[in-house]
Amino acid sequence: MSSSRRRFLMLGAAVAGTSLAAAPPVSADITSELGRLLGRNRYRWLIGDHHTHTQYSYDAMYTVDNVVAGARLHGVDWLVITDHGYQAHEKSSVEPTNVDVRAARRKHRDVLLWQGIEWNVPGAEHATVFFAPGPHEATLLRTFERDHDSRLTNSGSGSPENEAKALAAVRWLRQNTRDPIVVVNHPSRNGRVAPHELRAMRDTGLVIGMEGAPGAQADGFPKPNGNGGARGGYVNNPGSDSWPGYPAEAYRTYGGFDWMTAKLGGVWDSLLSEGKGFWITSNSDSHYNRGDVLTRPAVPGDYYDKTGKYPDPVNSGVPQLLAPYADFYPGEFSRTYVGATARTHSAVASALRAGRIWVTHGGLVDNLEFAAYGDGQFATYGERIRVRRGSSVTVVIAARLAYRPNGSGSIPKLRRLDLITGHTTGTASPDAMSAPGTIVAESFAPRWWPGHTVVFQHTFRDVRAPFYARVRGTDGNRHSPGGIEPVSDVIGDSDPFKDLWCYTNPVFVDVW
């Protein structure tokens, strides 16, 4: 696979639907077909969050309405409530949560809301589980928690038997629920999800992927105005249930992203190199949101265990800068965009399964579009085209630059976009962690013009073997010495707004 590294830059208005003025001129075939190639006539890009907590979690405080209202304030279109699986939760929380969720659906009709769970996965750690809303959603959720959550079934330790129980739980979801979605949460935080577990779960067809970046990003703000912790709570070292093959570097975040995603040619690329979809998301993991004036009332230590719920939070009138876990509201810092065909629960679920997803932190880009075309076919995130051997394949990237201040009070600047490609080589060994052929095919430096769209293309010529392509972007503040790779976040001094990245899911190119 050889490539032509010709690039171009296109600048246009920030308002969706307006024409783009080329500077310098670009090929007419690209300009006329840009909207079609990028799926603008097929998909609406909806912002969401699949990992949030409420007062029905043993370690959180918000009402369901607090979370949904905060999400709306930050532009969220779809949202999943995922309180922790726990004995008191299964006993006392599922039905009351459902009452609150149904009330929130009536009150906030512009937010697509699910009731899910943060599943304690047998033989592993955590995953988001949710399925189509309906009259029996609470009953189904409670049954799943009671019979398949490792906290309730004493199946958390790593063993082949417990790993088999996790797969049985996923099969139960397939047989008993509609539109089920499972996403592995913070996969490297404790090293408890081995590569072979990721592959086995992926191959069920219901586990769509993993968090490319964990929530709790605000925990890294330095003292005295922050917790002085680590982005995502990634401060751990190998434990008794950690998979022994992970290196020490796996337990840290890189520009806020999980090591599996951030490492070029790492675990995520090894999964993609098999030619199968395994998608990344991002989320808030909202428990206690930094800067909020709400606080949880003091209660006895056994209050939650007895009730399955904390009292409603109260307004302290003082922004909380040292909140436990230090999260953000959904959409405030972390955003997962999905390309849905309609604004419905089923359309969002379909988009998630299909991998029409890209993620960003801190408003680094206002929009990010990506497509590949060749032999008269085109595809965007999660999709694939099939071209004749020897054909050319052109990748197009369009990014609308930020024009609004983020939570830091400044407008982030996208300094670089990297087009990453890897060979599709077929089935790998179960615990494969690397894809050595993964490279940055080209990097692009956008001209700074807030609110305008920059467009780049890269053509792969004489394509001889299948491959995939994906994109990442950065504000360029922190990277490897003399290089472009993200570097480990500093524990105790990681203001998340000072190291921003965005990532897309891949496009696959098959060859015949």
Intermediate values then yes/no, side chain to side chain contact (heavy atoms under 4.5 Å, CB included), Arg40 and Glu369: CA-CA 9 Å; Arg40 292 175 182 169; Glu369 299 169 292; 2.7 Å; yes
Worked verdict on Tyr86 versus Asn120 for side chain to side chain contact (heavy atoms under 4.5 Å, CB included): CA-CA 9 Å; Tyr86 193 74; Asn120 296 297; 5.9 Å; no
Given Leu46, Thr504, Thr360, Leu368, the one that forms side-chain contact (heavy atoms from CB on, under 4.5 Å) with Tyr337: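 Testing Tyr337 for a side-chain contact (heavy atoms from CB on, under 4.5 Å) against Leu46, Thr504, Thr360, Leu368 leaves exactly one candidate, Thr360.
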Side chain proximity check, Asp269 to Arg470, heavy atoms < 4.5 angstrom: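 In contact.
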Any side-chain heavy-atom pair of Ser284 and Pro330 under 4.5 Å: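 Yes. Closest side-chain heavy atoms under 4.5 Å.
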[X]-[Y] side chain donor-acceptor pair, cut-off 3.5 Å:
X: Ser443; Y: Asp418; value: yes
X: Asp258; Y: Thr261; value: no
X: Glu332; Y: Asn289; value: no
X: Thr336; Y: His50; value: no

Strictly under 6.0 Å, is that where the ring centroids of [X] and [Y] end up?
X: Tyr329; Y: Tyr62; value: yes
X: His361; Y: Phe333; value: yes
X: Phe257; Y: Trp268; value: no
X: Phe144; Y: Trp119; value: yes
X: His84; Y: Tyr58; value: yes

Let me confirm one number: the [atom1]-[atom2] distance from [X] to [Y], rounded to the nearest 0.5 Å.
X: Ile81; Y: Ser286; atom1: CD1; atom2: OG; value: 8.5 Å
X: Trp243; Y: Asn190; atom1: CH2; atom2: CG; value: 16.0 Å
X: Met61; Y: His287; atom1: CE; atom2: NE2; value: 11.5 Å
X: Asp179; Y: Trp114; atom1: CG; atom2: CH2; value: 8.5 Å

Nearest non-hydrogen partners of Leu79 and Ala71, listed with the distance: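 Answer, listing the atom of Leu79 first, then Ala71: CD2-CB, 4.0 Å.
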For the backbone of [Y] and the side chain of [X], can you confirm whether one donor and one acceptor N or O come within less than 3.5 Å of each other?
X: Ser150; Y: Ser155; answer: no
X: Thr128; Y: His51; answer: no
X: Asp493; Y: Pro222; answer: no
X: His452; Y: Pro450; answer: yes
X: Arg353; Y: Val207; answer: no
X: Gln55; Y: Tyr310; answer: yes
X: Arg296; Y: Ala60; answer: yes

Set of salt bridge (Lys or Arg N to Asp or Glu O under 4.0 Å) partners for Arg478, sequence neighbours left out: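 Arg478 satisfies salt bridge (Lys or Arg N to Asp or Glu O under 4.0 Å) with Asp489, Asp499 only.
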Partners passing side chain to side chain contact (heavy atoms under 4.5 Å, CB included) against Asn98 (at least two apart in sequence or in another chain):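 Result, side chain to side chain contact (heavy atoms under 4.5 Å, CB included) vs Asn98: Arg102, Gln115, Glu137, Ala138.
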NZ/NE/NH1/NH2 to OD/OE distance under 4.0 Å, Lys91 and Glu145: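 So Lys91 does not pair with Glu145 through a salt bridge.
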NZ/NE/NH1/NH2 to OD/OE distance under 4.0 Å, Asp475 and Lys498: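 Looking at Lys498 together with Asp475, the answer is no, because their closest N to O distance does not fall below 4.0 Å.
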Stepwise side chain to side chain contact (heavy atoms under 4.5 Å, CB included) check, Tyr381 with Ile357: CA-CA 6 Å; Tyr381 311 120; Ile357 307 165; 6.0 Å; no
Greater than 12 external heavy atoms within 6.0 Å of Asp110's CG: yes
